[in-house]
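Input: a single structure, listed below in structure tokens.
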There are 2 protein chains.
Amino acid sequence: MIPPRRTRSNSRDRILDAASEIVCEVGAGKLTLDAVAQRAGLSKGGLLYNFPSKDALLAAMVERMIGEGRAEKEALRSQIAERRNLEARLACAVSLKVRSGAAQEVASGMLAALAENPGLLDPVRSLIADEWQAIKATSEDPDAAMVAWLAVEALGSLDMHSLSPVSPQDRVRIEAAVKRLLDFGIREAGESEETR
Amino acid sequence: MIPPRRTRSNSRDRILDAASEIVCEVGAGKLTLDAVAQRAGLSKGGLLYNFPSKDALLAAMVERMIGEGRAEKEALRSQIAERRNLEARLACAVSLKVRSGAAQEVASGMLAALAENPGLLDPVRSLIADEWQAIKATSEDPDAAMVAWLAVEALGSLDMHSLSPVSPQDRVRIEAAVKRLLDFGIREAGESEETR
DNA sequence: TGAACTGTACCGTCTGGTCGGTTTATACAG
DNA sequence: CTGTATAAACCGACCAGACGGTACAGTTCA
């Protein structure tokens, strides 16, 4: 029950949390230093002491989000025994799971703010590039894996902008379809069709 | 050689063009009324005479973009004879074709600005919803069509944020894979695999 | 005591929007 | 053809608020 000692790292986390909440609730356009400070329970001075500029704050947010994403992915890696299309499955699982949570909405708002500072997106860019490479490299059927990964990515992206026309039922079907796609690949000409 | 008579609609288009250019070049963050006015060759007063507010301007930009997309789709409709998975084919074709052009970059920048005014995205939302319905309704294999459409959508979305890890070669392969997917569907368990 | 940290008042700039005035085109009367 | 009236189109100075950032004086802890 230590009187919540305000350490620097402590404040940093509180600030980052506050910023995420704000972005998530009212969008990146309203992400002002004043708002963040208020939300985090300190003054603008204190905020700027921890993050010398708004860009620094944004960069830290990106950093943290990527870290969380990676951690989540790592956690899933151990659960997936099957080696087949490992990376693709991973990516899809991560997307389908993580992306429906709060992180999703944060990412949504962030993109808007980040769009103006292309540099801030660099970490994200390289993360995606890595994922893509892994998928191409470790999949038995890269074509199917690429398409599957893209489809899942789109799901997230559309949600992100609240643009998704995909109903929950659709979602289930898509998930199943993606799994089938990864497991069995794309059918060739002259094969049977069962469900119609 | 009439001294380009300044009609209202004339100015409107000039303004819309200018705004698009700016968004495309420096991003939505720099889309100020002053900049647009200067670019369009009139004063801020004149600009605000044509569009009573910045939101009105943005809304008009969205409107025009949607209109262009629809026109493009209509144009393609006549070229695609095959009835199979018509809607999905159309949508994908439009995306693959149009989205690689200038409209793409404009859309990119726009999203950032639009993210703050969710209402401005309503037209886009309904457009997408319509497309989605059409795809589900008119496809022989809705599952495959949905996945295909999503994959193409992701391609556009990633490009939009300059986040795409997809190389030109990848793109070609994906395009082919999507076509196969639409034509032949997803393979089921216990079928031959030829390319490995 | 000193370093880490916080609070607050303030500044400069940017930007959307207002507003009164000016130009330009058109219609029409004489 | 000329003068006049009218309204649309346009101009640009100005304003108010928001926002990022600074300065600096306190405060707290080791």
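Chain letters run A, B, ... following the sequence lines, proteins first, then strands; residues in each count from 1.
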task = Among A:Lys179, A:Arg180, A:Arg187, find the one that has a side-chain contact (heavy atoms from CB on, under 4.5 Å) with B:Ile186.
result = A:Arg180
task = In whole angstrom, give the distance that lies between atom CG of B:Asp34 and atom P of C:dT13.
result = 16 Å
inquiry  = Looking only at the side chain of A:Leu48 (C-beta and beyond, no hydrogens), which of the listed nucleotides C:dT8, C:dG17, D:dT22 gets closest?
reply    = D:dT22
Any B:Leu42 side-chain heavy atom under 4.5 Å of B:Tyr49 side chain = no
task = Rounded to the nearest angstrom, tell me the gap between atom CZ in B:Phe51 and atom P in C:dT18.
result = 16 Å
remark   = The answer to which of B:Ser43 and A:Gly45 contacts DNA chain D further toward the 5' end, by nearest nucleotide, is B:Ser43
task = Find the distance B:Gln38:CD to D:dG12:C1' and express it as a whole number of Å.
result = 14 Å
request  = Determine the contact category for B:Leu31: base if any of its heavy atoms lies under 4.0 Å from a base atom, sugar-phosphate if only primed atoms, P, OP1 or OP2 are that close, otherwise nothing.
outcome  = sugar-phosphate
ask   = Does the side chain of B:Asn50 get closer than 4.0 angstrom to OP1 or OP2 of D:dA9 through an N or O atom?
value = no
inquiry  = Expressed as a whole number of angstroms, how long is the span from B:Leu47:CG to C:dG17:P?
reply    = 10 Å
task = Could you tell me the separation between the CZ atom of B:Arg12 and the C1' atom of D:dC10, rounded to a whole number of Å?
result = 15 Å
ask   = Looking only at atom types and distance, does a side-chain atom of A:Asp141 sit under 3.5 Å from a main-chain N or O of A:Ala144, one as donor and one as acceptor?
value = yes
inquiry  = If you compare every side-chain N and O of A:Tyr49 against the phosphate oxygens of C:dT6 (OP1, OP2), does one of them come in below 4.0 Å?
reply    = no
request  = Identify whether any heavy atom of B:Leu33 sits under 4.0 Å from a base atom; if not, whether one sits that close to sugar-phosphate; answer base, sugar-phosphate or nothing.
outcome  = sugar-phosphate
key: Donor-acceptor pair (no angle test) under 3.5 Å: A:Lys44 side chain, D:dG21 base   = yes
ask   = If only side-chain N and O atoms of A:Ser11 are considered, is one of them under 4.0 Å from the OP1 or OP2 phosphate oxygen of C:dT6?
value = yes
note = From CG of A:Leu42 across to P of C:dC5 the rounded distance in Å is 12 Å
query = Hey, does the side chain of A:Thr32 come within less than 4.0 Å of D:dA18's phosphate (OP1/OP2), counting only N and O?
reply = no
message = Contact between A:Leu31 and A:Val26 at the side-chain level, heavy atoms closer than 4.5 Å - yes or no?
response = no
ask   = Tell me: NZ of A:Lys54 to P of D:dT22, nearest whole Å?
value = 15 Å
ask   = Do any N or O atoms from the side chain of A:Ser139 and from the backbone of A:Lys136 form a donor-acceptor pair under 3.5 angstrom?
value = no
